[in-house]
Every structure is written in C-alpha cells, then in structure tokens.
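What follows is a set of notes on a single structure, which appears directly below.
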Amino acid sequence: MSNGPGSLRLRLPATSANLGSGFDAVAVALDFHLEIEASPATEFSIEATGRDAPRCSQLENNLVLGVYKDVLAAAGKPVVPLSLRMANSIPLGMGCGSSAAGRLAGIALAVHFGQLDWGLDRILEAASRLEGHPDNVAACWLGGFVAAAGAKGALHVAAVAPPTAWRAIVVLPGTPLPTSQARAVLPDSYTRSDVVANIQAASLLGLAFAQQRGDLLRPAMNDRIHQPYRAAMCPLLDPLLPLAGSHGVLGVALSGAGPAVLVVVDGEGSIQAASEAICEAVRGQEEPELLVCRFEPASTRLPAH
C-alpha cells in the first residue's frame with residue numbers, strides 16, 4: 001500500500017481459504033487483485049473497470065464505501081467524500097475472497113482519510129470481525145500462505161511464502177454462490193473421527209506449504225468438515241477431486257466456500273495437462289472459466305502514513 005499527498009492506492013489480492021481441511025483457519029493469497037486509487041472529493045464517485053464493473057461502480061450497497069463510512073462513524077470521525085478509481089480482477093461470489101478484499105479496502109480508506117492511529121493488528125482484527133473468520137483477511141493483507149486463529153478475540157497470525165514453482169488453477173462456474181448459503185448447509189456438530197481427520201490433515205497442510213512438500217498436499221487437503229456438505233451446491237468439486245495425484249495436480253479443494261474449485265499444480269510445465277484434464281473431468285457441465293495464477297508472496301503490509 002502506498003500513497004501520495006491526500007490520496008491512497010491499494011492493491012489487495014484474491015484469496016482462497018480453507019484449502020480443504022483448514023476450515024476457517026488457513027488461506028493463501030493469489031496474484032489477481034482489487035486495485036483502488038482514492039482521493040478526497042466534494043462528493044462520492046466510483047469509476048470501475050474489470051470484473052463485475054457495474055456492480056463495483058454502484059454508490060448504493062457498495063461494500064467498500066459501506067465499511068469506510070461505518071468505521072469512520074464508529075471512530076467519531078467525519079466522512080470525507082472520495083473519488084475512487086477501481087480496477088477489479090476478483091470474481092464476486094465465487095469463493096475468491098472478494099468480500100475480504102472489499103472490507104479491508106474500506107478499513108484502509110477509513111484509517112488513511114480519517115487519520116486513525118491503527119496498526120496492523122487492529123486493521124486485521126476489525127476486518128476479521130466483519131468477515132466472521134480471520135483466514136481470508138489475513139491472507140489478503142499479508143500475502144502468502146496464512147494460518148490464523150482467534151476471530152472473536154485477539155488475532156494470532158502466521159504467514160509463510162508459498163513455493164514459487166507451484167501454480168494455481170481456479171475453476172470458476174458460471175453462477176456465484178453466496179457464502180451465507182454455503183454456511184447454512186453445514187451441520188451444528190461433527191463426529192470425533194471427522195474432527196480428528198481434519199486436524200491431522202490441516203497439520204500436514206501448513207507444513208506442506210512451509211516445507212514445499214507437494215507430495216503431502218493430496219492427503220493434507222482432504223476434508224470431512226465442510227466440502228461433503230457443500231458438494232451438491234458446488235457441482236465442479238466432485239468431478240475434480242480425483243485429479244489430485246495425476247497430470248501434475250498436487251491437490252484439489254473448494255476455493256473458500258465455493259463454488260469455485262482451487263487446483264494446485266506442481267509447476268508451469270503442468271498447466272496445460274492439468275487444464276485439459278479439468279475440462280475433460282467436467283465435460284457435460286457448463287464450460288467453466290479456468291483462471292491460471294501464481295501464489296502471492298508473503299510480505300507484511302504496513303499501515304498508511
């Protein structure tokens with residue numbers, strides 16, 4: 001995040017949370033972004049380009065502006081009207097962290113233009129409260145692969161740089177899925193065996209990223225907490241899960257709450273084979289969009305001054 005006099009520029013990455021077993025606890029940043037240039041103005045305006053530009057340009061029911069105004073009001077600060085230029089590459093409602101990026105953008109704008117004395121921890125804790133869980137916001141603000149805990153209290157976060165050789169293919173269906181619907185299908189309780197299986201897999205998951213152990217990703221991304229219950233709402237998941245272990249595919253999981261699916265590939269040289277295998281696996285369904293990307297490096301983001 002950098003700023004000139006009276007203005008602010010933000011570049012916030014997409015994120016993929018859960019990665020199967022790490023439900024509400026882990027996420028990884030992806031290298032497509034929400035970019036915003038903001039300047040003080042006499043009235044609010046938004047010029048939006050990129051994905052979902054008409055929705056992003058609306059002044060009413062705009063997530064970024066809503067959070068910006070709410071944070072300033074809660075801090076007892078006047079609301080400074082802004083002129084925003086927004087370039088969005090994050091699909092909305094697909095499980096790619098669009099709401100985390102939007103909420104963090106609103107908070108960052110409020111901190112800057114309201115001259116709030118907020119440090120890194122307070123920004124993350126505020127965003128986590130708004131999201132209801134810390135994984136996406138931590139990965140969005142810090143980059144890299146992130147583990148986070150303590151959404152309702154002090155937030156504890158650790159981030160590592162993902163392996164530079166690995167690639168991600170985000171498989172996007174044509175229809176979005178609200179996170180509220182995806183959460184509504186989850187049960188209120190789980191068996192001990194399902195919980196233990198996920199703890200084991202999630203423990204492997206963090207070490208697989210930290211130690212660049214691609215051979216661990218397939219078992220590490222196995223999930224029994226949320227994916228089995230969401231599969232009916234995310235029809236790309238079941239056909240793609242069996243690809244793990246072939247065509248250079250290291251692991252497969254829902255991206256966040258879905259409906260998009262994250263496919264982790266061992267390197268640039270496997271993208272074509274993996275992409276062809278993905279298209280073959282979902283043949284007969286509406287043709288998905290394949291968004292090939294890298295993992296965003298981990299780098300601590302500092303508050304604006």
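Just so we're clear, the structure is a prediction, and the values are computed from it rather than from any experiment. Atoms considered below: every heavy atom in the structure, side chains included; atoms not considered: hydrogens, waters and symmetry mates.
- The side-chain heavy atoms of Leu172 and Cys96, taken from C-beta on, include a pair separated by under 4.5 Å.
- Within the 4.5 Å cutoff, the side chain of Leu217 has heavy atoms near those of the Leu205 side chain.
- Looking at Val264 and Phe295, their side chains come closer than 4.5 Å, going by heavy atoms from C-beta outward.
- Partner of Arg283 under the side-chain hydrogen bond (donor to acceptor under 3.5 Å, both in side chains) criterion, chosen from Glu287, Gln285, Glu280: Glu280.
- We find that Asp24 and Arg183 are joined by a salt bridge, their nearest charged nitrogen and carboxylate oxygen being less than 4.0 Å apart.
- Annotation: Arg85, atom CZ; neighbour count of heavy atoms from other residues, nucleotides and ligands within 6.0 Å does not exceed 12.
- One side chain, Asn136 or Thr15, offers a donor N or O that lies under 3.5 Å from an acceptor on the other.
- For the pair Ser275/Leu290, a side-chain contact is recorded, criterion being any heavy-atom separation below 4.5 Å from C-beta on.
- Between the CG atom in Asp121 and the OG atom in Ser128 there is a gap of 12.0 Å [rounded to 0.5 Å].
- Exactly one residue among Ile169, Leu240, Leu19 makes a side chain to side chain contact (heavy atoms under 4.5 Å, CB included) with Leu262. That residue is Leu19.
- Considering CD1 of Ile199 and CG of Asp194, their distance stands at 11.0 Å, rounded to 0.5 Å.
- A 6.0 Å sphere centred on CD of Glu289 holds more than 12 heavy atoms belonging to other residues, nucleotides or ligands.
- Contact record, Cys56 with Asn88: SG-ND2, 4.0 Å, taken as the closest heavy-atom pair.
- Panel note: side chain Ser16, backbone Val28; no donor-acceptor pair is recorded below 3.5 Å.
- For Tyr190 (side chain) and Ile225 (main-chain N/O), a donor-acceptor pair under 3.5 Å exists by modelled atom type.
- Asn18 and Asp223 are not linked by any side-chain donor-acceptor pair at a separation below 3.5 angstrom, with hydrogens and angles left out of the test.
- Distance check: Phe44 CZ to Leu59 CG gives 8.5 Å after rounding to the nearest 0.5 Å.
- Proximity of a side-chain donor or acceptor of Ser270 to a complementary backbone N or O of Gly248 within less than 3.5 Å is not detected.
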Verdict with reasoning, Ser7 to Glu37, per side chain to side chain donor-acceptor pair (under 3.5 Å): CA-CA 7 Å; Ser7 65; Glu37 297 181 18; over 6 Å; no
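- Using a 4.5 Å cut-off on side-chain heavy atoms (C-beta onward), Ser57 and Met86 make no contact.
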Checking side chain to side chain donor-acceptor pair (under 3.5 Å) for the pair His33/Glu296: CA distance, chi angles, key distance, verdict? CA-CA 10 Å; His33 304 84; Glu296 184 91 349; 3.1 Å; yes
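- Between the side chain of Glu47 and the backbone N or O of Leu84, no donor-acceptor pair lies under 3.5 Å.
- The CD1 atom of Ile46 sits 9.5 Å away from the CG atom of Leu82 when rounded to the nearest 0.5 Å.
- Not one N or O on the side chain of Arg167 forms a donor-acceptor pair closer than 3.5 Å with the backbone of Glu268.
- Two residues are said to be in side-chain contact when any heavy atoms from C-beta on lie closer than 4.5 Å; Val171 and Val263 meet this criterion.
- By the rule that hydrophobic residues join a cluster once side-chain heavy atoms approach within less than 4.5 Å of another member, Leu120 and Val67 end up as members of one cluster.
- Distance check, rounded to the nearest 0.5 Å: CZ of Phe32 to CG of Leu12 gives 13.5 Å.
- Looking at every heavy atom in both residues, Ala253 comes nearest to Val261 through O-CG1, 3.4 Å.
- Taking both residues in full, the closest heavy atoms of Val157 and Ala148 are given as CG2-CB, 4.0 Å, listed atom of the first, atom of the second, then distance.
- Within the 4.5 Å cutoff, the side chain of Leu177 has no heavy atoms near those of the Arg230 side chain.
- In this structure, the side chains of Leu250 and Val265 stay at 4.5 Å or more apart for every pair of heavy atoms.
- The distance from atom CG of Asp31 to atom CZ of Arg11, rounded to the nearest 0.5 Å, is 8.0 Å.
- Proximity of a side-chain donor or acceptor of Asp52 to a complementary backbone N or O of Arg55 within less than 3.5 Å is not detected.
- Arg224 places no side-chain N or O within donor-acceptor distance of the main-chain N or O of Asn222, the cut-off being under 3.5 Å.
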